[in-house]
**Student:** 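A single structure is presented below for examination.
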Amino acid sequence: MPEGHTVHRLARTFGDLFGGAPVAVTSPQGRFAPGAALLDGRVLVHAQAFGKQMFLGFAPRGPMPGERVAEAESDWLRVHLGLYGSWTFAGDGSVAVVHAIGAPRRRVGETETSLPDTPDDEAQDDVDGPFVPAAPRGQVRVRILGEHAVADLTGPTACEVVTDAERLAVVTRLGPDPIRDDADPQRFVDRAHRSRTAIGLQLMNQDVIAGVGNIYRAEALFRAGLDPSRPGTAVPKETLRALWDDLVGLMRDGVRTGRIVTTRPEHRGRGHELGHMDARRVRQNTDGDPNVVSRDESFYVYHRDGLACRVCGTPVQVRDAAGRNLFWCPTCQS
DNA sequence: GGGCCATGAGCAT
DNA sequence: TGCTCCTGGCCCG
């Protein structure tokens, strides 16, 4: 259940763990067996994210040690995690980059947690020779195995091999991605302002802005003081630009820390007055330092329905919007 | 063991 | 607007 920041972290992780070397690609579950066979044994040369889409680029077949491979010459694995998809990583402990993001992880797409330091892991650390991964757990659509690490994909909404032209077609259709340096904010501003569709719905439309999900949607609208139901045409362009700029900061923070935190410091620390969130509902991506901002102080409105608004005390509301829960404060957002 | 839930999106109607 | 797909964790009994 990732939003864009998680997908960008994933792309970076794939580049770090597997980039520049051949990988074994299999489909333990079998449903992706033909695609896996196409990529098996090839060199991973690109790893990139656009919104919630991840693309892994593989060099053409044949020996190309250390050679640069243009995107146009690559074949791509396109993965979209959807609601349930997740990547599980494990390594032999020798890969520095793994530790740079905390530790080998499991279920990065859903809940980014550190692997427990099991005796098995420690034993593996001391072993010389090829990394022998554990047997896949659950319905593993794709397993990517490198010399020192393994990644297992379960439950994706999309997992397919595409040409570079097909990758470009997907990317071109997407709206600008606030995390990417090459994003054009004006595309978002103009398009959102042109449509009478509620801004709360437009933010969830990946053709309008790529990478925003249900949390960033709700939180960014709260921070902007915007009623989610206001038509795009009724939101001034300057406000849309400010909304974009805010999302750039929030989402890039998310890439950096592996967590979504949208509350400002002055609005935290009031959990006892305003009520606690249900601990079951606040699971989110973490990056090994969950106490920097406690989990129940990370959001203004997301999953806080019925609790007092951190700013004005009005009970936070929730309603169904196009099949998704939409959280907002009716007083602060008008 | 059953039911419910989820940070998503394509497609039919 | 509603259905469908994808999967697993957690609560409840």
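Model, not experiment: these values are computed from the prediction. Below, chain A is the first sequence line, B the second, and so on; all start at residue 1.
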**Student:** Residues of residues 190-209 of chain A with any non-hydrogen atom less than 4.0 angstrom from an atom of DNA chain B: list those, numerically ordered, please.
**Tutor:**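 Heavy-atom contacts with DNA chain B come from A:Met204, A:Gln206.
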**Student:** For A:Arg217, report the nucleic acid contact type (base, sugar-phosphate, nothing); a contact means any heavy atom under 4.0 Å.
**Tutor:**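 Counting heavy atoms under 4.0 Å across all strands, no contact is made by A:Arg217.
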**Student:** Assign A:Gly323 to base, sugar-phosphate, or nothing according to its heavy-atom contacts below 4.0 angstrom with the strands shown.
**Tutor:**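 Since no nucleic acid heavy atom lies under 4.0 Å of A:Gly323, the category is nothing.
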**Student:** Heavy atoms under 4.0 Å, any strand shown: does A:Glu219 hit a base, just sugar-phosphate, or nothing?
**Tutor:** nothing
**Student:** Between C:dC5 and B:dT13, how many Å separate the two P atoms, rounded to a whole number?
**Tutor:** 14 Å
**Student:** Which residues in residues 163-184 of chain A have at least one heavy atom lying under 4.0 Å from any atom of DNA chain B?
**Tutor:** A:Arg173
**Student:** Please give, in whole Å, the distance from B:dT7 P to A:Ile260 CD1?
**Tutor:**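 Roughly 11 Å, once rounded to whole Å.
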**Student:** Rounding to an integer number of Å, can you tell me how far A:Phe299 CZ sits from B:dA6 C1'?
**Tutor:** 13 Å
**Student:** Name the closest nucleotide to the A:Thr154 side chain, picking from B:dA6, C:dT7, B:dG8.
**Tutor:** C:dT7
**Student:** Atom CZ of A:Arg78 to atom C1' of B:dG8: distance rounded to whole Å?
**Tutor:**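 Atom CZ in A:Arg78 sits about 12 Å away from atom C1' in B:dG8.
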**Student:** In whole Å, I'd like the distance from the CZ atom of A:Arg141 to the P atom of C:dC5.
**Tutor:** 13 Å
**Student:** I want to check one thing: is the phosphate of B:dG8, taken as OP1 and OP2, less than 4.0 Å away from some side-chain N or O of A:Gln53?
**Tutor:**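 No, A:Gln53 has no side-chain N/O under 4.0 Å of OP1/OP2 on B:dG8.
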**Student:** Compare every heavy atom of A:Gln333 with every heavy atom of A:Leu226, then report the nearest pair and how far apart it is.
**Tutor:** O-NE2, 2.8 Å
